[in-house]
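Scroll down for the structure; my scribbles are underneath it.
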Amino acid sequence: MTQLPKLSVLDLAPVVQGSNAKEAFERAKELAIHVEQLGYHRFWMAEHHNMPDIASAATSTLLAYIGAHTKTIRLGSGGVMLPNHAPMIIAEQFGTLATLFPDRIDLGIGRAPGSDGVTAQALRRDIRAAEDLAPQIDELQYFLSEAKPNQKVRAYPGVGTNVPIWLLGSSTYGALLAAKKGLPFAFASHFAPDYMMKAVELYRENFVPSAQLQQPYVMIAVNAIAADTDAEAQYLATTGQQKFLSMLRGQEGLIPPPTDNMDMIWSEPERQQVMRMLRESIVGHKEKVYAGLKGLQQRTGADEIMINAIIYDQKARLRSYELIAQH
């Protein structure tokens, strides 16, 4: 049987109904330990704000907690929304992580606010900061690289750590910038599949080698849920469908349990819109998920696939990653 590419994990420390942020952190820690033992390559967490069902807002702090309970798996941000921060601050944070956990830290960068427009104004003193990410990437690399002669301002720790930087994207912007900078590129097909193929194509066509990376490297993020039966997997997947429906409606709330009947919850136009956003999702028994992941790899040429699983029950979540790892 053909091997899949490297598999990694994206986790947002989801807060499920009947739970709280502290329990979400415990679940994230348990998941990281579990997938490390299963042989997954990376464990990334993402910055989001003003979302009661996502507890990974202070991404670097949470990664330090996960790092203290794991030994080998690479840890990183998927991603840090750089326009929300001064590049020097991020260099210090991830330089600290790289010092604590040598050769295990990745710094994935995005430009979205990670929240709504009002929250973005609370986060960003300059709302135009996301319009051109290139100078901020340059500044971040400046603080993470070896110090220059007579350099007046340095990130301690951070300077000389050369933490690998990734660019994340859900459109062609991130793909082209990653290509120009010679950085690895991760595409968010788990919520924005429309530009997946075009972004990957543009990235490879325009890639310029850099000190960090000599050849293009593509990671595709995808929703994938495996269970012992197709029916069980489809049932588990209704949690994610409800989450996306709430986003579509502009509703807040914690991650809901699965349901036997989504048709009682959404309208037909809503169903079509949610399923369009989730159309790259791979859901089923392990052979079906394997085939889906393999098909995704063949279509995109992905060097790595990062799996996101929005599952209410922790045991089912751990089991899903276990079944996928069997291939």
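If you read the sequence from its start, that first residue is 1, and numbering goes on from there.
Checking His34 against Gln314 by side-chain atom types alone, no donor-acceptor pair falls below 3.5 Å. Looking only at atom types and distance, the side chain of Arg27 has no donor-acceptor partner in the side chain of Ser19 under 3.5 Å away. Looking at Ser8 and Glu304, their side chains do bring a donor and an acceptor atom within 3.5 Å of each other.
Counting heavy atoms from C-beta outward, Ile66 and Lys29 have side chains that approach closer than 4.5 Å. Two residues are said to be in side-chain contact when any heavy atoms from C-beta on lie closer than 4.5 Å; Phe43 and Asp11 meet this criterion.
In this structure a side-chain-to-backbone donor-acceptor pair under 3.5 Å is missing from Tyr142 to Lys148. Distance alone, capped at 3.5 Å, is enough to place a donor-acceptor pair between the Glu36 side chain and the Ile73 backbone. Of the possible donor and acceptor atoms, none in the side chain of Gln251 sits under 3.5 Å from a partner among the backbone N and O of Met247. Of the possible donor and acceptor atoms, none in the side chain of Tyr195 sits under 3.5 Å from a partner among the backbone N and O of Tyr173. A distance-only check finds a donor-acceptor pair linking the side chain of Arg74 to the backbone of Ile105 [under 3.5 Å]. Of the possible donor and acceptor atoms, none in the side chain of Asn308 sits under 3.5 Å from a partner among the backbone N and O of Asn223. In terms of modelled atom types and a separation under 3.5 Å, the side chain of Ser320 and the main chain of Arg317 share no donor-acceptor contact. In this structure, Ser145 contributes its side chain and Gly160 its backbone to no donor-acceptor pair below 3.5 Å. For the pair Glu47 (side chain) and Ser77 (backbone), a donor-acceptor distance under 3.5 Å is absent. Not one N or O on the side chain of Gln17 forms a donor-acceptor pair closer than 3.5 Å with the backbone of Gly253.
Atom OG of Ser281 is separated from atom CD of Gln241 by 8.0 Å, given to the nearest 0.5 angstrom. To the nearest 0.5 Å, atom NE2 of residue His69 and atom CD of residue Glu26 are 7.5 Å apart. Taking CG of Leu10 as the reference point, atom CZ of Arg42 lies at 12.5 Å (rounded to 0.5 Å). Taking CZ of Phe207 as the start and CD of Gln214 as the end, the distance is 7.5 Å to the nearest 0.5 Å. In this structure, the separation between CG on Leu213 and CD on Gln215 is 8.0 Å, given to the nearest 0.5 Å. Note: Leu97 CG to Thr61 OG1 = 8.5 Å, rounded to the nearest 0.5 Å.
In this pair, Phe185 and Tyr203 present their aromatic rings tilted. The plane angle is within the 30 to 60° band.
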**Message:** Applying side chain to side chain contact (heavy atoms under 4.5 Å, CB included) to Arg276 and Asp194, what does each step give before you reach the verdict?
**Reply:** CA-CA 9 Å; Arg276 174 176 174 147; Asp194 288 352; 3.2 Å; yes
Side-chain donor-acceptor contacts of residues 224-235 below 3.5 Å, not counting sequence neighbours, with atom names and distances?
residue: Asp228; atom: OD1; partner: Arg319; partner atom: NH2; Å: 2.8
residue: Thr229; atom: OG1; partner: Glu232; partner atom: N; Å: 3.1
residue: Asp230; atom: OD1; partner: His285; partner atom: N; Å: 3.1

